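For reference, the structure is listed below as C-alpha coordinates.
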Amino acid sequence: MSDQQSRTEIRELTQAAIGVIEAPGRATVISAENPLPAVARDATSDAPPFELFHFGFSICSHKVRAVLSELGLEFGSNQFAGPTKYENYTPEYVRLRLQSDVAKTSKFVSGFSGASSVDDDGFDPLVVPTLVDNQAGKVLADSKLICLYLVNTYGGGHDLLPDDLKDRILQEMDVVDQTPHVALLYGADPEGDTRPTDIQSRMPGIHQIKFESIKGHMSSVQGDANLMAAYKAKLEKEKNAEAFVVDGTAMQDATQLAERLIADLETTLQASTGTWLFDDRFTLADLVWGVSLLRLDYLGKSQFWDGDTPRPNVKAYYQRLAARPCLINAIVDWPGSRKRLQTS
Ligand SMILES: N[C@@H](CCC(=O)N[C@@H](CS)C(=O)NCC(=O)O)C(=O)O
(Lines give C-alpha, C1' and ligand atoms only; values in the text may rest on other atoms or scores of the structure.)
Protein backbone atom coordinates (compact mmCIF):
# COMPACT_ATOMS: atom_id res chain seq x y z
CA MET A 1 0.00 0.00 0.00
CA SER A 2 1.36 3.46 -0.88
CA ASP A 3 1.96 6.08 1.76
CA GLN A 4 -0.98 8.08 0.44
CA GLN A 5 -3.34 5.07 0.54
CA SER A 6 -2.32 4.27 4.08
CA ARG A 7 -2.87 7.89 5.21
CA THR A 8 -6.30 7.89 3.59
CA GLU A 9 -7.15 4.61 5.30
CA ILE A 10 -6.00 5.91 8.67
CA ARG A 11 -7.98 9.10 8.21
CA GLU A 12 -11.11 7.08 7.42
CA LEU A 13 -10.59 4.73 10.36
CA THR A 14 -10.03 7.72 12.66
CA GLN A 15 -13.22 9.42 11.50
CA ALA A 16 -15.16 6.18 12.01
CA ALA A 17 -13.84 5.89 15.57
CA ILE A 18 -14.73 9.51 16.33
CA GLY A 19 -18.20 8.74 14.96
CA VAL A 20 -18.74 6.20 17.73
CA ILE A 21 -18.88 8.95 20.36
CA GLU A 22 -22.54 9.53 21.09
CA ALA A 23 -22.40 12.80 23.02
CA PRO A 24 -21.00 15.73 21.00
CA GLY A 25 -19.63 17.28 24.21
CA ARG A 26 -17.15 14.42 24.51
CA ALA A 27 -15.51 15.30 21.17
CA THR A 28 -13.59 18.53 21.66
CA VAL A 29 -10.31 20.20 20.71
CA ILE A 30 -7.85 20.93 23.52
CA SER A 31 -5.54 23.91 23.05
CA ALA A 32 -3.99 26.77 25.02
CA GLU A 33 -7.30 28.66 24.63
CA ASN A 34 -9.43 25.61 25.56
CA PRO A 35 -7.36 23.56 28.03
CA LEU A 36 -10.36 21.52 29.21
CA PRO A 37 -13.08 19.71 27.25
CA ALA A 38 -15.69 22.44 27.39
CA VAL A 39 -16.62 23.22 23.78
CA ALA A 40 -17.92 20.56 21.37
CA ARG A 41 -15.77 20.46 18.24
CA ASP A 42 -16.83 21.55 14.80
CA ALA A 43 -16.26 18.41 12.73
CA THR A 44 -16.20 20.38 9.48
CA SER A 45 -13.52 22.94 10.35
CA ASP A 46 -11.45 21.67 13.26
CA ALA A 47 -8.24 19.95 12.16
CA PRO A 48 -6.04 19.34 15.21
CA PRO A 49 -2.61 17.73 14.65
CA PHE A 50 -3.48 14.75 16.89
CA GLU A 51 -6.55 12.76 17.83
CA LEU A 52 -6.56 11.18 21.27
CA PHE A 53 -9.04 8.43 22.14
CA HIS A 54 -9.32 8.19 25.90
CA PHE A 55 -11.43 8.11 29.06
CA GLY A 56 -11.67 10.92 31.61
CA PHE A 57 -10.95 8.47 34.42
CA SER A 58 -8.25 6.18 33.00
CA ILE A 59 -4.78 6.38 34.48
CA CYS A 60 -3.21 5.46 31.13
CA SER A 61 -5.09 8.38 29.55
CA HIS A 62 -3.89 10.65 32.37
CA LYS A 63 -0.26 9.97 31.39
CA VAL A 64 -0.81 10.94 27.76
CA ARG A 65 -2.91 14.01 28.59
CA ALA A 66 -0.22 15.17 31.03
CA VAL A 67 2.50 14.86 28.36
CA LEU A 68 0.37 16.69 25.78
CA SER A 69 -0.21 19.41 28.36
CA GLU A 70 3.44 19.63 29.41
CA LEU A 71 4.47 19.97 25.75
CA GLY A 72 1.66 22.44 24.99
CA LEU A 73 0.34 20.36 22.07
CA GLU A 74 -3.12 20.89 20.63
CA PHE A 75 -5.19 17.72 20.17
CA GLY A 76 -8.63 16.40 19.34
CA SER A 77 -10.01 14.95 22.55
CA ASN A 78 -12.28 12.00 21.82
CA GLN A 79 -13.51 10.87 25.17
CA PHE A 80 -15.27 7.52 25.16
CA ALA A 81 -18.02 6.54 27.55
CA GLY A 82 -16.70 3.78 29.81
CA PRO A 83 -19.00 1.52 31.83
CA THR A 84 -21.66 0.66 30.88
CA LYS A 85 -21.48 1.76 27.24
CA TYR A 86 -17.85 0.87 26.57
CA GLU A 87 -17.58 2.80 23.32
CA ASN A 88 -13.96 1.58 23.25
CA TYR A 89 -15.20 -1.95 22.50
CA THR A 90 -16.79 -0.97 19.19
CA PRO A 91 -15.28 -2.51 16.03
CA GLU A 92 -14.70 0.99 14.64
CA TYR A 93 -12.28 1.80 17.45
CA VAL A 94 -10.65 -1.63 17.64
CA ARG A 95 -9.98 -1.51 13.89
CA LEU A 96 -8.13 1.78 14.32
CA ARG A 97 -6.14 0.57 17.34
CA LEU A 98 -5.03 -2.53 15.43
CA GLN A 99 -3.21 -0.25 12.95
CA SER A 100 -0.59 0.66 15.58
CA ASP A 101 2.89 -0.88 15.30
CA VAL A 102 2.62 -2.36 18.78
CA ALA A 103 -0.60 -4.17 17.82
CA LYS A 104 1.18 -5.71 14.85
CA THR A 105 4.23 -6.84 16.79
CA SER A 106 2.75 -8.01 20.13
CA LYS A 107 0.63 -10.92 21.21
CA PHE A 108 -2.84 -10.12 22.48
CA VAL A 109 -3.02 -10.22 26.26
CA SER A 110 -5.37 -12.87 27.64
CA GLY A 111 -4.10 -13.25 31.21
CA PHE A 112 -4.45 -10.76 34.05
CA SER A 113 -1.52 -9.72 36.24
CA GLY A 114 -3.19 -6.80 38.03
CA ALA A 115 -1.14 -4.31 36.00
CA SER A 116 -1.40 -3.34 32.32
CA SER A 117 2.12 -3.31 30.93
CA VAL A 118 2.26 -4.24 27.26
CA ASP A 119 5.88 -5.38 27.66
CA ASP A 120 5.07 -7.84 30.44
CA ASP A 121 1.50 -8.88 29.69
CA GLY A 122 0.80 -8.26 25.99
CA PHE A 123 -1.41 -5.97 23.95
CA ASP A 124 -5.04 -5.27 24.80
CA PRO A 125 -6.80 -4.26 21.56
CA LEU A 126 -9.91 -2.83 23.26
CA VAL A 127 -8.50 -0.32 25.73
CA VAL A 128 -7.58 3.37 25.74
CA PRO A 129 -5.55 5.42 25.04
CA THR A 130 -4.83 5.52 21.32
CA LEU A 131 -3.29 8.54 19.61
CA VAL A 132 -3.38 9.36 15.92
CA ASP A 133 -0.68 11.67 14.58
CA ASN A 134 -2.56 13.22 11.67
CA GLN A 135 0.52 14.78 10.07
CA ALA A 136 2.54 11.56 10.13
CA GLY A 137 -0.47 9.35 9.33
CA LYS A 138 0.48 7.15 12.29
CA VAL A 139 -1.57 5.31 14.93
CA LEU A 140 0.08 4.93 18.32
CA ALA A 141 -1.19 2.68 21.09
CA ASP A 142 -0.06 2.12 24.67
CA SER A 143 0.43 5.02 27.05
CA LYS A 144 4.15 4.49 27.59
CA LEU A 145 4.86 4.27 23.87
CA ILE A 146 2.66 7.28 23.13
CA CYS A 147 4.41 9.40 25.78
CA LEU A 148 7.83 8.41 24.43
CA TYR A 149 6.74 9.10 20.84
CA LEU A 150 5.43 12.56 21.72
CA VAL A 151 8.53 13.51 23.67
CA ASN A 152 10.94 12.11 21.07
CA THR A 153 9.12 13.63 18.09
CA TYR A 154 7.61 16.85 19.44
CA GLY A 155 9.50 17.45 22.69
CA GLY A 156 12.10 19.92 21.35
CA GLY A 157 13.41 22.04 24.16
CA HIS A 158 11.39 20.30 26.84
CA ASP A 159 13.97 18.02 28.38
CA LEU A 160 11.50 15.40 29.63
CA LEU A 161 13.82 12.63 28.44
CA PRO A 162 17.43 13.88 28.59
CA ASP A 163 20.01 11.49 27.10
CA ASP A 164 22.09 11.16 30.26
CA LEU A 165 19.06 10.03 32.30
CA LYS A 166 17.24 8.06 29.61
CA ASP A 167 17.87 4.56 30.98
CA ARG A 168 16.88 5.54 34.51
CA ILE A 169 13.74 7.32 33.32
CA LEU A 170 12.69 4.31 31.26
CA GLN A 171 13.28 2.10 34.29
CA GLU A 172 11.00 4.29 36.42
CA MET A 173 8.35 4.29 33.68
CA ASP A 174 8.46 0.49 33.71
CA VAL A 175 8.02 0.45 37.49
CA VAL A 176 4.91 2.63 37.18
CA ASP A 177 3.66 0.34 34.39
CA GLN A 178 4.16 -2.69 36.65
CA THR A 179 2.24 -1.15 39.56
CA PRO A 180 -1.04 -3.10 39.87
CA HIS A 181 -3.30 -0.06 39.54
CA VAL A 182 -5.95 -2.08 37.72
CA ALA A 183 -6.20 -4.72 40.47
CA LEU A 184 -6.38 -2.03 43.16
CA LEU A 185 -9.24 -0.31 41.33
CA TYR A 186 -11.37 -3.38 40.58
CA GLY A 187 -10.62 -5.35 43.75
CA ALA A 188 -10.57 -4.68 47.48
CA ASP A 189 -7.54 -4.80 49.75
CA PRO A 190 -8.26 -7.87 51.92
CA GLU A 191 -6.97 -5.90 54.95
CA GLY A 192 -9.78 -3.37 54.46
CA ASP A 193 -11.36 -1.79 51.41
CA THR A 194 -9.98 1.74 51.14
CA ARG A 195 -11.52 2.61 47.76
CA PRO A 196 -14.12 5.39 47.45
CA THR A 197 -17.53 3.98 48.38
CA ASP A 198 -19.05 4.50 44.94
CA ILE A 199 -16.20 2.48 43.41
CA GLN A 200 -16.76 -0.27 45.99
CA SER A 201 -20.41 -0.51 45.04
CA ARG A 202 -19.90 -0.27 41.26
CA MET A 203 -17.25 -2.95 40.85
CA PRO A 204 -19.14 -6.16 41.70
CA GLY A 205 -20.74 -7.33 38.45
CA ILE A 206 -18.74 -4.95 36.24
CA HIS A 207 -16.98 -7.81 34.46
CA GLN A 208 -20.34 -9.31 33.50
CA ILE A 209 -21.20 -6.02 31.81
CA LYS A 210 -17.90 -6.17 29.94
CA PHE A 211 -18.59 -9.77 28.82
CA GLU A 212 -22.01 -8.86 27.46
CA SER A 213 -20.64 -5.90 25.55
CA ILE A 214 -17.72 -7.89 24.10
CA LYS A 215 -19.96 -10.79 23.07
CA GLY A 216 -22.41 -8.38 21.43
CA HIS A 217 -19.64 -7.00 19.22
CA MET A 218 -18.23 -10.47 18.47
CA SER A 219 -21.48 -11.49 16.87
CA SER A 220 -21.20 -8.54 14.48
CA VAL A 221 -17.61 -9.17 13.30
CA GLN A 222 -17.68 -12.89 12.64
CA GLY A 223 -16.22 -12.61 9.15
CA ASP A 224 -13.13 -10.74 10.36
CA ALA A 225 -10.56 -13.15 11.82
CA ASN A 226 -8.29 -10.47 13.27
CA LEU A 227 -11.10 -8.64 15.03
CA MET A 228 -12.51 -11.92 16.30
CA ALA A 229 -9.11 -12.86 17.75
CA ALA A 230 -8.97 -9.45 19.46
CA TYR A 231 -12.41 -9.86 21.06
CA LYS A 232 -11.70 -13.47 22.12
CA ALA A 233 -8.45 -12.49 23.83
CA LYS A 234 -10.18 -9.61 25.62
CA LEU A 235 -12.97 -11.88 26.83
CA GLU A 236 -10.44 -14.31 28.25
CA LYS A 237 -8.47 -11.51 29.89
CA GLU A 238 -11.56 -10.08 31.57
CA LYS A 239 -12.59 -13.56 32.79
CA ASN A 240 -9.16 -13.88 34.40
CA ALA A 241 -9.48 -10.36 35.82
CA GLU A 242 -12.89 -11.17 37.33
CA ALA A 243 -11.37 -14.17 39.16
CA PHE A 244 -8.24 -12.26 40.22
CA VAL A 245 -9.97 -9.36 41.93
CA VAL A 246 -12.00 -11.58 44.28
CA ASP A 247 -9.02 -13.79 45.13
CA GLY A 248 -7.81 -12.66 48.58
CA THR A 249 -4.26 -13.96 48.07
CA ALA A 250 -3.87 -12.36 44.64
CA MET A 251 -5.19 -9.04 45.98
CA GLN A 252 -2.92 -9.20 49.02
CA ASP A 253 0.08 -9.82 46.74
CA ALA A 254 -0.98 -6.91 44.50
CA THR A 255 -1.33 -4.56 47.48
CA GLN A 256 2.03 -5.60 48.90
CA LEU A 257 3.71 -5.19 45.53
CA ALA A 258 2.31 -1.66 45.18
CA GLU A 259 3.58 -0.74 48.65
CA ARG A 260 7.00 -2.24 47.91
CA LEU A 261 7.32 -0.08 44.81
CA ILE A 262 6.49 3.00 46.91
CA ALA A 263 9.14 1.94 49.44
CA ASP A 264 11.64 1.77 46.54
CA LEU A 265 10.52 5.22 45.43
CA GLU A 266 11.26 6.55 48.92
CA THR A 267 14.81 5.19 48.60
CA THR A 268 15.31 6.73 45.15
CA LEU A 269 14.03 10.08 46.42
CA GLN A 270 16.43 10.00 49.37
CA ALA A 271 19.30 10.06 46.87
CA SER A 272 17.92 13.09 45.01
CA THR A 273 19.41 16.44 45.94
CA GLY A 274 16.52 18.44 44.52
CA THR A 275 12.80 18.77 43.95
CA TRP A 276 12.33 15.83 41.60
CA LEU A 277 13.47 12.25 41.24
CA PHE A 278 16.65 13.27 39.45
CA ASP A 279 17.61 16.39 41.36
CA ASP A 280 16.02 19.53 39.92
CA ARG A 281 15.15 18.17 36.49
CA PHE A 282 11.46 17.42 35.94
CA THR A 283 11.35 14.41 33.60
CA LEU A 284 8.92 11.84 32.24
CA ALA A 285 9.70 9.73 35.31
CA ASP A 286 8.25 12.42 37.60
CA LEU A 287 5.26 12.89 35.34
CA VAL A 288 4.26 9.21 35.39
CA TRP A 289 4.91 8.94 39.13
CA GLY A 290 2.60 11.92 39.61
CA VAL A 291 -0.13 10.07 37.73
CA SER A 292 0.44 6.94 39.81
CA LEU A 293 0.50 8.72 43.20
CA LEU A 294 -2.68 10.65 42.39
CA ARG A 295 -4.39 7.33 41.56
CA LEU A 296 -3.08 5.54 44.65
CA ASP A 297 -4.29 8.42 46.79
CA TYR A 298 -7.71 8.24 45.10
CA LEU A 299 -7.82 4.52 45.89
CA GLY A 300 -7.18 5.26 49.58
CA LYS A 301 -3.58 4.14 49.46
CA SER A 302 -1.90 7.31 50.75
CA GLN A 303 -1.28 4.98 53.70
CA PHE A 304 1.71 3.76 51.68
CA TRP A 305 3.48 7.04 52.50
CA ASP A 306 1.38 8.48 55.28
CA GLY A 307 0.49 5.41 57.33
CA ASP A 308 2.19 3.13 59.87
CA THR A 309 5.46 3.36 57.94
CA PRO A 310 5.80 7.06 57.04
CA ARG A 311 7.66 7.79 53.84
CA PRO A 312 8.26 11.54 54.14
CA ASN A 313 10.11 11.92 50.84
CA VAL A 314 7.25 10.35 48.87
CA LYS A 315 4.74 12.47 50.78
CA ALA A 316 6.53 15.75 50.00
CA TYR A 317 7.20 14.65 46.40
CA TYR A 318 3.51 13.87 45.90
CA GLN A 319 2.52 17.30 47.16
CA ARG A 320 4.92 18.94 44.70
CA LEU A 321 3.67 16.75 41.84
CA ALA A 322 0.02 17.51 42.62
CA ALA A 323 0.82 21.20 42.09
CA ARG A 324 2.50 20.62 38.70
CA PRO A 325 0.39 22.39 36.01
CA CYS A 326 0.39 19.46 33.54
CA LEU A 327 -1.00 17.10 36.21
CA ILE A 328 -3.52 19.68 37.40
CA ASN A 329 -4.73 20.09 33.82
CA ALA A 330 -4.76 16.38 32.91
CA ILE A 331 -6.20 15.02 36.16
CA VAL A 332 -7.09 17.45 38.93
CA ASP A 333 -9.13 19.83 36.76
CA TRP A 334 -10.17 17.36 34.05
CA PRO A 335 -13.88 16.56 34.37
CA GLY A 336 -14.54 12.95 35.32
CA SER A 337 -10.93 12.07 36.10
CA ARG A 338 -11.73 11.66 39.82
CA LYS A 339 -9.08 12.46 42.35
CA ARG A 340 -8.82 12.61 46.09
CA LEU A 341 -6.10 15.11 46.78
CA GLN A 342 -4.27 14.81 50.01
CA THR A 343 -3.50 18.37 51.02
CA SER A 344 -1.94 18.08 54.46
N1 LIG B 1 -0.72 -0.84 28.42
C2 LIG B 1 -1.87 -0.04 28.08
C3 LIG B 1 -3.02 -0.38 29.02
C4 LIG B 1 -4.25 0.39 28.70
C5 LIG B 1 -5.39 0.08 29.66
O6 LIG B 1 -5.38 -0.93 30.37
N7 LIG B 1 -6.40 0.97 29.65
C8 LIG B 1 -7.51 0.87 30.58
C9 LIG B 1 -7.69 2.16 31.33
S10 LIG B 1 -6.20 2.65 32.15
C11 LIG B 1 -8.81 0.65 29.82
O12 LIG B 1 -9.03 1.19 28.76
N13 LIG B 1 -9.70 -0.17 30.39
C14 LIG B 1 -11.02 -0.41 29.88
C15 LIG B 1 -11.34 -1.85 29.74
O16 LIG B 1 -10.46 -2.70 29.81
O17 LIG B 1 -12.48 -2.16 29.54
C18 LIG B 1 -1.50 1.43 28.17
O19 LIG B 1 -0.68 1.80 29.02
O20 LIG B 1 -2.01 2.20 27.36
Side-chain angles (χ1 to χ4, degrees), residues 17 20 52-68 78-90 93-94 96-97 100-103 105-131 139-150 170 173-186 199 202-203 205-217 230-231 233-242 244-245 284 287-288 291-292 294-296 298-299 330-331 334 336-338:
V20 156
L52 178 65
F53 294 88
H54 62 131
F55 290 155
F57 178 65
S58 122
I59 177 168
C60 309
S61 305
H62 293 175
K63 290 183 205 167
V64 175
R65 291 207 300 263
V67 168
L68 286 162
N78 306 292
Q79 209 168 303
F80 285 141
T84 54
K85 281 212 167 95
Y86 287 114
E87 288 170 334
N88 51 307
Y89 291 178
T90 52
Y93 173 65
V94 180
L96 174 71
R97 194 167 158 82
S100 60
D101 286 347
V102 63
T105 54
S106 315
K107 68 171 177 49
F108 292 147
V109 55
S110 55
F112 182 75
S113 68
S116 60
S117 157
V118 71
D119 296 330
D120 297 340
D121 299 344
F123 180 77
D124 186 330
L126 272 65
V127 291
V128 291
T130 299
L131 182 92
V139 180
L140 286 303
D142 189 66
S143 59
K144 188 178 86 174
L145 297 175
I146 299 172
C147 292
L148 291 172
Y149 174 82
L150 286 171
L170 293 177
M173 292 179 84
D174 284 341
V175 172
V176 170
D177 244 12
Q178 286 151 7
T179 306
H181 298 108
V182 191
L184 299 188
L185 171 67
Y186 285 85
I199 292 288
R202 280 173 56 204
M203 288 307 165
I206 198 161
H207 292 97
Q208 290 298 330
I209 300 172
K210 291 187 179 208
F211 302 156
E212 290 316 309
S213 174
I214 296 165
K215 283 180 193 160
H217 290 302
Y231 283 110
K234 178 65 169 173
L235 194 56
E236 202 180 329
K237 174 189 166 186
E238 294 303 333
K239 286 195 168 150
N240 285 317
E242 183 187 40
F244 185 109
V245 299
L284 258 182
L287 183 146
V288 297
V291 172
S292 175
L294 276 158
R295 175 50 55 95
L296 291 173
Y298 170 74
L299 295 171
I331 308 173
W334 196 278
S337 71
R338 301 156 68 99

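Predicted model only: the values in this text are computed from it and were never measured. Just so you know, ligand 1 is whichever comes first in the structure, and atom 1 is the first atom listed for that ligand.
- You'll find the ring centres of Tyr298 and Phe57 inside the 6.0 Å limit.
- Listed by chain and residue number, Tyr86 satisfy the ring-ring contact (aromatic ring centres under 6.0 Å, His included) test with Tyr89 (two or more places apart in sequence, or in another chain).
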For ligand 1, what N or O to protein N or O distances fall under 3.5 Å?
{"residue": "ligand 1", "atom": "1 (N)", "partner": "Ser116", "partner atom": "O", "Å": "2.5"}
{"residue": "ligand 1", "atom": "1 (N)", "partner": "Asp142", "partner atom": "OD1", "Å": "2.6"}
{"residue": "ligand 1", "atom": "7 (N)", "partner": "Val128", "partner atom": "O", "Å": "2.8"}
{"residue": "ligand 1", "atom": "12 (O)", "partner": "Val128", "partner atom": "N", "Å": "3.0"}
{"residue": "ligand 1", "atom": "16 (O)", "partner": "Lys210", "partner atom": "NZ", "Å": "3.4"}
{"residue": "ligand 1", "atom": "16 (O)", "partner": "Lys234", "partner atom": "NZ", "Å": "2.7"}
{"residue": "ligand 1", "atom": "17 (O)", "partner": "Tyr89", "partner atom": "OH", "Å": "2.5"}
{"residue": "ligand 1", "atom": "17 (O)", "partner": "Lys210", "partner atom": "NZ", "Å": "3.1"}
{"residue": "ligand 1", "atom": "19 (O)", "partner": "Asp142", "partner atom": "OD1", "Å": "3.3"}
{"residue": "ligand 1", "atom": "19 (O)", "partner": "Ser143", "partner atom": "N", "Å": "3.3"}
{"residue": "ligand 1", "atom": "19 (O)", "partner": "Ser143", "partner atom": "OG", "Å": "2.6"}
{"residue": "ligand 1", "atom": "20 (O)", "partner": "Ser143", "partner atom": "N", "Å": "2.7"}

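- Taking 4.5 Å as the limit, some side-chain heavy atom of Pro129 sits within range of a side-chain heavy atom of Ile146.
- With sequence neighbours excluded, the residues forming a side-chain hydrogen bond (donor to acceptor under 3.5 Å, both in side chains) with Lys144 are Asp119, Asp174, listed by chain and number.
- Sorted pairs that involve residues 107-117 and meet salt bridge (charged side-chain N to carboxylate O under 4.0 Å, His left out), not counting sequence neighbours, are lacking altogether.
- Val20 has its side chain within reach of Phe80: a pair of non-hydrogen atoms, C-beta onward, lies under 4.5 Å apart.
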